[in-house]
Every structure is written in C-alpha cells, then in structure tokens.
Amino acid sequence: MNGIYGEYKPVLEEIKNDFQRRIEEYTEQEYQKSGIKIYEHLISRVKSEESMSEKCRRKNLPETPDSALMEMHDSIGLRIVCSFIEDIYTNIRYIKSFPDCRIVDEKDYIRHAKPNGYRSYHMILEVQYPYADLCGNNPGKYYVEIQLRTIAMDSWAALEHKLKYKKNVANQELIIAELKRCADEMASCDVSMQTIRDLITGTEE
Ligand code: 0O2
C-alpha cells in the first residue's frame, strides 16, 4: 500500500468528479430557468496524502486509510464561491435535496463568524458510491466536505491563510484585530451588495 488513502485514491477522485458534475448540472438547469448563475466558481480537490497524513499526526490518529476516510471527513472537498449571500443558501437547498446524501454536520460560520472573522458555510455529507468502503458496505459510504462562501469571504480566507505562514512577527494582537476588522468590513459589503441586488430585482421595497 502506498499513500494514506491506499487503494481508495482513485475512488476519491471519482467521487469528487461525480459530485462536482452534479453541482454543475443543477446550476446549469437553474441558469436556463432564471438566467442567474448561482455560483461564481467552484473548485474541488482530494486532500493531498501528505496533508492528510500531517492532519492525522496532529490529531494523534494512526496514518491509515481508516483514519483518512472514516475519522476525517475532508478527504474530498468542494468549495462553492458565490457572488451573493443569498446564493449560498440557494446552493445549500439544492445540495440538501440530493436523494443519496445525508448531512452529518453543518456549520454556519456566516451567521456565526469565527472569532478571527472567518466566514463560510461548511457541510459534511455522507455520500453513497458503488465501491465497497472500509466497513464492507456496498455501495460504500464516503464523506465530502463542502465549503460555501461569497467572493469577499473567499478573498479574506485566502489572504488570512497566506499571512498565517509568517510566524514570530511582532504586533500579533494588532494584526489579529486588523484582520478581524477587514473581515467585518468585507461582510458589511456583502450585505450591501445583496441589498443592491434585491433593489434591482425588485425583491426589496
Ligand atoms: P484545508 O487545506 O483548507 O482543507 P478540522 O477540519 O478538524 O481541522 P474543524 O473545526 O472541524 O477542524 O473544521 P472547520 O472549522 O469546519 O474548518 C475546516 C476548514 O475550514 C479548514 O480546513 C479551512 O479550509 C477552513 N477554515 C476554518 N477556519 C479557518 C480560518 O480561520 N481561516 C481560513 N483561512 N480557513 C479556515 P483545513 O483542514 O485547515 O485545511
């Protein structure tokens, strides 16, 4: 067995591609109906085996396929980046209507931002796939993490992630406070942009 995913690596890639296709399909249908593109862009990835091994070590779990696929729930990740806040919740309604998916965890860091200012909506789905899982279920059960954000939330998260690499800098408290201030200002712009769209589309008096 090679990496931490063992024989499951190609399966994870297939599930990821399959799931992305499903999201693209409902988006296209929605676009044909309403002319609205309910997300701006979508990215997906299978977490690299190095990152997954490092995460297992950090959580004191053995570096095995069992830890990577059953204990961890983010080996497959999709990020849906939307133009407007409302579109995030439209996407969530679509995803929840998928018949063969069960939501096992949901975190609304939009309504309840993290203390550092991070905003995003996270869902962990249990999906079925016609390949036996480690417990012998066939169809197997696999996990997919979906993060939904606006463009502003995504920009903030990307910049904050870059800045995290710089360790041992002075003025830590000031930097944390400034990052939080930027996050709050960007969130305020998201709300304004939503209001402007509502005014244009006539959903706001
Ligand atoms: P990567 O490479 O993005 O996948 P856990 O997943 O167990 O570590 P928890 O609390 O269960 O932690 O997960 P949570 O809070 O739902 O967040 C998981 C993912 O959300 C992270 O994945 C990040 O992608 C993103 N995230 C959460 N908080 C922050 C934050 O403060 N800043 C930024 N930039 N991203 C955040 P990973 O595994 O860290 O990395």
Side-chain angles (χ1 to χ4, degrees), residues 3-5 8-9 11-13 15-17 19-20 23 39-82 85 88-89 91-92 95-96 101-127 141-167 169 171-190:
I4 191 163
Y5 297 132
Y8 289 92
K9 190 146 193 280
V11 180
L12 298 177
E13 290 289 346
I15 298 172
K16 178 199 74 140
N17 293 339
F19 214 82
Q20 175 159 349
I23 293 176
Y39 66 75
E40 209 274 328
H41 68 270
L42 165 63
I43 56 168
S44 63
R45 59 104 180 98
V46 170
K47 203 179 193 81
S48 75
E49 297 197 281
E50 297 73 36
S51 300
M52 183 55 86
S53 292
E54 185 277 320
K55 190 165 180 174
C56 288
R57 280 197 297 279
R58 193 160 25 95
K59 300 206 175 246
N60 288 319
L61 289 167
E63 293 169 54
T64 60
D66 194 70
S67 303
L69 300 179
M70 307 308 249
E71 301 290 330
M72 296 295 159
H73 294 159
D74 64 346
S75 57
I76 301 168
L78 277 88
R79 185 171 292 154
I80 301 175
V81 179
C82 301
I85 299 170
I88 293 177
Y89 292 95
N91 276 283
I92 292 167
I95 293 164
K96 286 187 173 176
C101 296
R102 191 168 73 86
I103 289 136
V104 293
D105 195 18
E106 261 178 292
K107 289 178 194 160
D108 189 346
Y109 295 128
I110 297 173
R111 292 196 172 118
H112 308 283
K114 284 196 170 183
N116 64 353
Y118 176 78
R119 285 170 175 82
S120 192
Y121 195 102
H122 293 188
M123 298 167 96
I124 305 287
L125 306 185
E126 184 191 83
V127 303
K141 291 176 181 173
Y142 298 89
Y143 296 101
V144 175
E145 183 193 63
I146 305 190
Q147 298 180 346
L148 300 108
R149 309 169 169 174
T150 61
I151 298 167
M153 293 170 198
D154 193 47
S155 305
W156 182 91
L159 296 178
E160 188 258 4
H161 183 72
K162 271 190 192 160
L163 295 170
K164 262 186 196 164
Y165 287 112
K166 301 247 178 276
K167 304 277 181 223
V169 265
N171 302 319
Q172 280 289 338
E173 278 181 21
L174 176 66
I175 290 167
I176 290 167
E178 281 298 290
L179 277 169
K180 168 85 167 59
R181 188 180 59 78
C182 288
D184 293 346
E185 284 180 8
M186 289 165 101
S188 166
C189 285
D190 268 339

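Counting starts at 1 for both ligands and their atoms, following the listed order.
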Without swapping roles, check the side chain of Ser155 against the backbone of Ile151 for a donor-acceptor pair under 3.5 Å.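 Side chain of Ser155 to backbone of Ile151: a pair is present.
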
Is a donor on one side and an acceptor on the other found under 3.5 Å between the side chain of Trp156 and the backbone of Leu179?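 At least one qualifying donor-acceptor pair exists.
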
Which residue pairs satisfy the ring pair (Phe, Tyr, Trp, His ring centres under 6.0 Å) criterion with at least one member in residues 51-74, sequence neighbours excluded?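 For residues 51-74: His73-Tyr143.
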
Stepwise, does the salt bridge (Lys or Arg N to Asp or Glu O under 4.0 Å) test hold for Glu106 with Lys96? CA-CA 11 Å; Glu106 261 178 292; Lys96 286 187 173 176; 2.8 Å; yes

Just jot down the salt bridge (Lys or Arg N to Asp or Glu O under 4.0 Å) partners of Asp108, sequence neighbours excluded, or say none.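 For Asp108 the salt bridge (Lys or Arg N to Asp or Glu O under 4.0 Å) partners, ignoring immediate neighbours, are Arg111.
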
Arg45: which residues meet the salt bridge (Lys or Arg N to Asp or Glu O under 4.0 Å) condition with it, sequence neighbours left out?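 Expected list: none.
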
Which N or O atoms of ligand 1 sit under 3.5 Å from a protein N or O, and how far apart is each pair?
| unit_1 | atom_1 | unit_2 | atom_2 | d |
| --- | --- | --- | --- | --- |
| ligand 1 | 4 (O) | Arg45 | NH2 | 2.9 |
| ligand 1 | 4 (O) | Lys47 | NZ | 2.8 |
| ligand 1 | 6 (O) | Lys55 | NZ | 2.9 |
| ligand 1 | 7 (O) | Lys59 | NZ | 2.9 |
| ligand 1 | 8 (O) | Lys55 | NZ | 3.4 |
| ligand 1 | 11 (O) | Lys107 | NZ | 3.0 |
| ligand 1 | 15 (O) | Tyr109 | OH | 2.9 |
| ligand 1 | 15 (O) | Lys114 | NZ | 2.9 |
| ligand 1 | 16 (O) | Lys107 | NZ | 3.3 |
| ligand 1 | 16 (O) | His122 | ND1 | 2.7 |
| ligand 1 | 20 (O) | Gln147 | NE2 | 3.2 |
| ligand 1 | 24 (O) | Gln147 | NE2 | 3.1 |
| ligand 1 | 28 (N) | Lys114 | NZ | 3.0 |
| ligand 1 | 31 (O) | Asn116 | ND2 | 2.7 |
| ligand 1 | 32 (N) | Glu160 | OE1 | 2.8 |
| ligand 1 | 34 (N) | Ala157 | O | 3.1 |
| ligand 1 | 34 (N) | Glu160 | OE1 | 2.9 |
| ligand 1 | 38 (O) | Lys47 | NZ | 3.2 |
| ligand 1 | 38 (O) | Lys55 | NZ | 3.3 |

